[in-house]
Structure formats: structure tokens, C-alpha cells
Amino acid sequence: MAALWATGGRAAAAALLRPGPMGLAGPTAGYHKKVVDHYENPRNVGSLDKSAKNVGTGLVGAPACGDVMKLQVEVDKNGKIIDARFKTFGCGSAIASSSLATEWIKGKTVDEALKIRNTDIAKELCLPPVKLHCSMLAEDAIKAALADYKLKQNPKKEPEKKAAKA
């Protein structure tokens with residue numbers, strides 16, 4: 001299914017997420033309608049300029065299932081997230097978690113965005129226990145993107161810390 005998504009077969013891949021005729025379930029049955037909505041109509045897909053000082057990029061993956069998530073944030077001079085973009089290679093739950101995460105962090109301060117937990121994402125999307133790792137990836141991607149942003153704001157801070165320990 002992820003391969004269908006990556007090759008532009010979004011409609012075909014999305015059809016796999018919906019139950020079949022007369023209620024018979026397809027191979028990916030059990031997705032909540034919120035997951036299907038974010039999968040069929042993902043919000044904030046794309047990329048930001050990773051070299052920009054006010055853009056943070058987080059790239060995370062789950063070796064067990066092969067999902068890979070890139071999430072980027074653009075932060076204004078007041079510390080407010082003004083834009084967020086994602087690209088995800090993975091199942092419907094991973095794509096939905098990424099999409100929802102970008103919606104939630106836009107308009108928040110960096111500190112507010114860091115308070116978003118995978119449990120909140122999982123609850124909103126009604127993810128089953130077997131798909132909780134997707135919401136964990138989204139939380140990790142938010143943290144990674146914001147850590148990258150913070151590092152760009154104080155590039156000399158990290159080397160000084162290491163030098164002090166030596």
C-alpha cells in the first residue's frame with residue numbers, strides 16, 4: 001500500500017482502506033474513518049527549505065515495520081510555529097498520524113508543541129494497539145524537528161557543552 005502511495009496510486013491505495021462490499025473487510029480493514037480521512041486527504045504534505053535557519057527537520061523511522069516519517073516546522077521570530085510539512089512512507093495510520101501532527105502544531109509555540117504526546121494522537125485517530133507505533137513516530141518526529149530548530153538557533157551551544165565535559 002505504501003508503494004501505491006509513493007507511486008501516485010493514492011486513489012487505489014485509499015480504496016484498500018475502506019471496507020469491501022456488503023461489509024466484507026479488505027486486507028486493511030479496521031481503520032477508523034478519521035484515519036481514512038487523513039489518508040485520503042492528507043494535510044500539509046510537502047517540504048520546507050531545510051537550510052533555512054528558522055526551519056527544523058525531523059526524520060524518524062520504525063525498523064520493525066519500515067515506516068519513515070519526515071516532519072518539518074517553520075518557526076517565526078516569536079517562537080510560534082507558522083508552518084509544518086511532512087512526507088511519510090508508511091501505512092495509513094503513519095500517514096494519518098503525520099498529517100494530524102502537522103495540523104496540531106501549527107500556531108503553537110515550540111514549548112506547546114513539545115507537549116503533544118503520542119497518546120493524544122492515537123486517541124484522536126482511534127488507533128488500535130497494533131498501530132500505536134505510528135503515533136509514537138509522529139511524536140518523535142515533532143521532537144526531532146524542534147530539536148533541529150533549536151540547534152540551529154544556538155549552533156555553538158552543543159560544541160561548548162561537549163568541550164566543557166572534556
Side-chain angles (χ1 to χ4, degrees), residues 1-11 13-14 17 31-32 34-125 127 131-159 161-162:
M1 188 167 29
L4 283 172
W5 179 268
T7 59
R10 191 165 108 196
L17 291 173
Y31 282 94
H32 191 272
K34 291 179 181 180
V35 173
V36 174
D37 177 44
H38 276 277
Y39 182 82
E40 290 181 339
N41 307 294
R43 285 67 147 179
N44 307 307
V45 175
S47 295
L48 299 169
D49 179 7
K50 68 180 181 181
S51 63
K53 186 177 179 184
N54 67 329
V55 172
T57 302
L59 183 63
V60 296
C65 66
D67 291 348
V68 178
M69 193 176 289
K70 179 179 85 170
L71 190 140
Q72 294 180 295
V73 295
E74 181 179 358
V75 183
D76 70 11
K77 62 182 178 180
N78 298 316
K80 185 173 272 194
I81 298 168
I82 56 173
D83 200 2
R85 301 283 172 188
F86 82 93
K87 285 188 177 180
T88 293
F89 181 83
C91 67
S93 294
I95 291 166
S97 294
S98 306
S99 176
L100 181 66
T102 60
E103 281 193 315
W104 279 5
I105 62 177
K106 285 169 87 172
K108 290 190 177 349
T109 65
V110 169
D111 290 336
E112 290 169 341
L114 285 170
K115 293 178 184 172
I116 294 173
R117 296 288 170 250
N118 73 291
T119 51
D120 302 323
I121 294 167
K123 185 176 179 180
E124 177 66 21
L125 293 173
L127 295 179
K131 292 295 183 177
L132 289 181
H133 66 279
C134 298
S135 63
M136 290 178 203
L137 272 181
E139 179 183 339
D140 291 345
I142 292 169
K143 289 178 178 175
L146 294 173
D148 182 55
Y149 163 75
K150 286 181 176 182
L151 184 62
K152 286 181 175 182
Q153 303 317 296
N154 298 309
K156 293 182 182 178
K157 195 173 190 178
E158 188 65 27
K161 262 174 117 174
K162 288 179 183 175

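Contacts of E124 classified as side-chain contact (heavy atoms from CB on, under 4.5 Å), with partners at least two apart in sequence or in another chain: K34, L100, W104. Applying the side-chain contact (heavy atoms from CB on, under 4.5 Å) rule to D148 yields the partners T57, K152; only residues at least two apart in sequence or on another chain are considered. With sequence neighbours excluded, no residue satisfies side chain to side chain donor-acceptor pair (under 3.5 Å) with S93. Among residues two or more places apart in sequence or in another chain, the salt bridge (charged side-chain N to carboxylate O under 4.0 Å, His left out) test is passed with R43 by D37, E103. Partners of A147 according to the side-chain contact (heavy atoms from CB on, under 4.5 Å) rule, which considers only residues two or more places apart in sequence or in another chain, do not exist here. For N78, the side-chain contact (heavy atoms from CB on, under 4.5 Å) partners are D76, not counting sequence neighbours. A search for salt bridge (charged side-chain N to carboxylate O under 4.0 Å, His left out) contacts involving K106 returns D83, not counting sequence neighbours.
Put simply, the side chain of P42 does not reach to within 4.5 Å of the side chain of T88, judged on heavy atoms. Taking the side chain as every heavy atom from C-beta outward, F86 and V45 approach each other to under 4.5 Å.
Residues Q72 and G46 approach most closely at OE1-O, 4.4 Å, considering heavy atoms. G107 approaches K80 most closely through the heavy-atom pair O-CE, 3.4 Å. When every heavy atom of I116 is checked against every heavy atom of K108, the shortest pair comes out as CD1-CE, 4.1 Å. Nearest heavy atom pair, residue A94 against residue S98, reads O-OG, 2.9 Å.
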Distance-only check: which donor-acceptor pairs under 3.5 Å involve side-chain atoms of residues 134-146, not counting sequence neighbours?
{"from": "S135", "atom 1": "OG", "to": "N118", "atom 2": "O", "distance (Å)": "3.4"}
{"from": "S135", "atom 1": "OG", "to": "L132", "atom 2": "O", "distance (Å)": "2.7"}
{"from": "E139", "atom 1": "OE1", "to": "N118", "atom 2": "N", "distance (Å)": "2.7"}
{"from": "E139", "atom 1": "OE2", "to": "R117", "atom 2": "NH1", "distance (Å)": "3.4"}
{"from": "E139", "atom 1": "OE2", "to": "K143", "atom 2": "NZ", "distance (Å)": "2.8"}

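Between the SG atom of C91 and the OH atom of Y39 there is a distance of 9.0 Å, given to the nearest 0.5 Å. Between the CG atom of L125 and the NE2 atom of H32 there is a distance of 9.0 Å, given to the nearest 0.5 Å. N54 contributes atom CG, which lies 11.5 Å from atom CD1 of I81 (distance to the nearest 0.5 angstrom).
Side-chain N/O atoms of S97 and K131 include no donor and acceptor closer than 3.5 Å.
Screening residues 49-67 for salt bridge (charged side-chain N to carboxylate O under 4.0 Å, His left out) gives no qualifying pairs among residues at least two apart or on separate chains.
Residue M69 is tested with L59, I95, V60 for a side-chain contact (heavy atoms from CB on, under 4.5 Å); the sole match is V60.
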